[in-house]
Structure formats: C-alpha cells, structure tokens
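This is a predicted model, so every value here is computed, not measured. Convention: sequence-line order gives letters A, B, ...; per-chain numbering from 1.
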2 protein chains.
Amino acid sequence: MNAPVSSPSLTKNQTLVFDVLSRSEAPMSAYTILDKLRDHGFRAPLQVYRALDKLTELGIVHRLESLNAFVACAHRESTCCGAGHGHGTVAFAICESCGQVSEFHDHEVDHRLGDWARGRGFRPAKTTIEIRGLCRGCAA
Amino acid sequence: MNAPVSSPSLTKNQTLVFDVLSRSEAPMSAYTILDKLRDHGFRAPLQVYRALDKLTELGIVHRLESLNAFVACAHRESTCCGAGHGHGTVAFAICESCGQVSEFHDHEVDHRLGDWARGRGFRPAKTTIEIRGLCRGCAA
DNA sequence: TTAATTGCGTTATGCTATAACGTGTGCCAT
DNA sequence: ATGGCACACGTTATAGCATAACGCAATTAA
Ligand SMILES: [Zn+2]
Ligand SMILES: [Zn+2]
Ligand SMILES: [Zn+2]
Ligand SMILES: [Zn+2]
C-alpha cells in the first residue's frame, strides 16, 4: 500500500524511517534521517529514535556502534544460526572511504565467542562486531 | 615517581588520564574522567580527549564503542598474534549490571574475520568486538 | 466502560566530541 | 643564535548524538 517493502504492522513513522534507511547506500545517523523526513512532518529527534528503537527491536534495522548510525538489515535469508529474522550475531564491514556496509554472519566466529562466554559463565545479550577499513574498490 | 605503572614518555596530562583509568573498575566516559581530574587542573573536554587519543594510539587504552567509554588495557602479555602491545584484535565482554569488562584475544575469531576480509578484498583498519550481557556474578 | 498499552508530538535538557584559535616548549638544520 | 617545525597545551565556542518528562490520542483487554 505504501512504497517499498516493509514488514506488516509498522506504524506510519516506522515505515517512513525504514524506507529512508532502505533506500540509502550508506548508514545514516538519526539526525540525518530526521532531515530527510522533515517534509513528511517530522520535527523532533524523538520521532526518529522511537521508530529506530522499534525497528532494531524487530531486527530489520541495525545500529552501527562505531558510527552512531543505522542501516537497514541486508541479511541473506540463510536459515543458519538463529536466522529467520531473529537473526543471530551478525558482523559488519564498514568502508571508511565510501561508507558502504557489508553485513554478514560467520557461524564460526559466533560459536567461538559463544564458547568463550559459556566458559566464563558470561551470559551474552548482544554482540557487536564491526570491521572498519577500506573496501576493495577504495583500497587502491 | 607518580602512583601506578605508566609507560615512559607520557606527558603529564596523559599520565593523569591513564592513572585514573587504571584505577577504575569500570569503563569511564571522557566527561567522567574530566570530573575526576578537575582537582588536577583539568577544565575542558579537549584536555581529556587529546590524552585519550594518544593513549589509544599507543594501545594502552581502549575505546568501547558500544558504551562511548574507555578502559585501560588489561592485556595478558600473550605474545600471540600481533601482541606485544601493538596488539591484534581484541574482544571485550561487558557486564551491563556491574560494569565489569573482560578483555580477551581469540586467535580463531581474529583469523576468521581476517579471512573473510581477504576474501572480499576488504582491508581492515580497526576491528571492534564487544559482547554485552551479564557476568557470572550478575547472571543470578 | 474502564484500564492498560502503545504510539505520537513537543519542549527542554544532557551527554559526547570536535573546530578553531593562540601559547609555549623542545629540537634541529641552517 | 635563530628560524622553522612538531607537538602538547589551554580556552572558547559549537556541533552532533540521545533521552527525560509532559500530555494527548488510538487500540486493545478485561
Ligand atoms: Zn540483519
Ligand atoms: Zn569503499
Ligand atoms: Zn589491550
Ligand atoms: Zn556483572
């Protein structure tokens, strides 16, 4: 009923935010999203942050901690670890030149970290893996 | 000549910041460090950030991206991957209840991520791995 | 209907980080 | 020595990221 793909039962604001992120090549900060949505009636940061909270909770948007920015999920539907969309730990490769982000899941890494945690009695809630560097195109 | 261990050739400000971090059980934000150092003449955030930049560059302080906070390096001197103090990729387990941070290096994880990068022509500059959750003591 | 839940809009505030300017000091090549 | 350079430092101002707290409206459950 509205523009691109969006999960059912998203509210208007959530849909707007998700669509903006989906169309973006690079990650976007909350304030950049806000600026893109002023024409649609957005006036304050909280409108964006509240939508982002919900979208990340649904697992269709990810927060990049090292960038204070957000990306739409680019998961290949590999029903591997905890993937459906309740996806397990995911990693990001972030190009510091062009801004391109690659999202991937590595079974081995996930399990290694899980093993380490179990061995120490540590109960993981959320794991962040972000590789910053230069993508093939930008690495000269 | 001054309190705890500090690498040679640190400036006065760098030493102050490093010592505060070394004595702290939990990670500290730049502004928390600033407050701790007001008695020593610190007045502005930049004094802290400049010291932190140098200390992280030296590898004796780490930034926790998911917390916007800093910790003194707690590396066991395992001369494993790129460890001496030009240490390779390191991971952190962060307890969201008590704030305790465990720093560790996992050879396998490091190499897996390196392999992924090589396979895609991606040139890593800095890798962040942070597991947030509950430590053994706090996990009930 | 009533109460609980959830989303929404707004204002104000707080936390994190850097820009830009000028000063001082040590070091080295001239 | 003297000029140039590199580096740390101090200060003020500003930019960028995130949440508190209020009140209202719509939806759902009991
Ligand atoms: Zn994803
Ligand atoms: Zn690139
Ligand atoms: Zn370390
Ligand atoms: Zn704990």
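- Counted by atom type alone, B:T127 and A:R132 present zero donor-acceptor pairs between their side chains at under 3.5 Å.
- Rounded to a whole Å, the CG atom of A:L55 is 13 Å from the C1' atom of C:dG7.
- The residue among B:L46 and A:Y49 whose nearest nucleotide of DNA chain D lies closer to the 5′ end is B:L46.
- Along DNA chain C, the nucleotide nearest A:Y31 and the nucleotide nearest A:A51 are compared for position; the residue whose nucleotide lies closer to the 5' end is A:A51.
- A:Q14 has its CD atom 8 Å from the C1' atom of C:dG7, to the nearest Å.
- DNA chain D forms stems at C:1-30 with D:1-30, each a run of 3 or more consecutive Watson-Crick or G-U wobble pairs whose two key distances fall under 3.5 Å.
- Scanning both residues, B:T32 and B:M28, for their nearest heavy atoms gives CG2-CE, 3.6 Å.
- Between A:Q47 and the phosphate of C:dG9, there is a side-chain N or O to OP1/OP2 separation shorter than 4.0 Å.
- Ion pairing between A:D115 and A:R118 holds under the 4.0 Å rule for side-chain N and carboxylate O.
- Counting heavy atoms from C-beta on, the side chains of B:F42 and B:V48 come closer than 4.5 Å.
- B:A44 comes within contact range of at least one nucleobase, with a heavy-atom separation under 4.0 Å.
- Side-chain contact between B:I60 and B:L10 is present, with heavy atoms from C-beta onward closer than 4.5 Å.
- One can place NZ of A:K12 at 17 Å from C1' of C:dT6, the figure rounded to the nearest angstrom.
- Rounded to whole Å, the distance from CG on A:L10 to C1' on C:dT6 is 14 Å.
- Between the side chain of A:H105 and the backbone N or O of A:A91 there is no donor-acceptor pair closer than 3.5 Å.
- Spacing between atom CG of A:L34 and atom P of C:dT10 amounts to 12 Å, rounded to whole angstrom units.
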Between side-chain atoms of residues 65-74 of chain B and protein atoms elsewhere (two or more places apart, or another chain), which donor-acceptor pairs fall under 3.5 Å?
| unit_1 | atom_1 | unit_2 | atom_2 | d |
| --- | --- | --- | --- | --- |
| B:E65 | OE1 | B:R63 | NE | 3.0 |
| B:S66 | OG | B:E130 | OE1 | 2.6 |
| B:N68 | OD1 | B:R63 | NH2 | 3.0 |

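- Within 4.0 Å of B:R43, counting heavy atoms only, lie sugar-phosphate atoms of the nucleic acid but no base atom.
- For the pair B:R63 and C:dT16, the criterion of a side-chain N or O lying under 4.0 Å from OP1 or OP2 is not met.
- Taking atom CD of residue A:E65 and atom P of nucleotide C:dT16, one finds them 14 Å apart after rounding to whole Å.
- The separation between A:F42 atom CZ and C:dT10 atom C1' is 14 Å, rounded to whole Å.
- For the pair B:I33 and B:L37, the minimum side-chain heavy-atom distance is below 4.5 Å.
- Extent of DNA chain D lying under 4.0 Å from chain A heavy atoms, first and last nucleotide in 5' to 3' order, is D:dC17 to D:dA21.
- Two residues are said to be in side-chain contact when any heavy atoms from C-beta on lie closer than 4.5 Å; B:I129 and A:T128 fail this criterion.
- Protein atom CZ of B:F70 is 16 Å distant from nucleotide atom P of C:dC15, rounded to whole Å.
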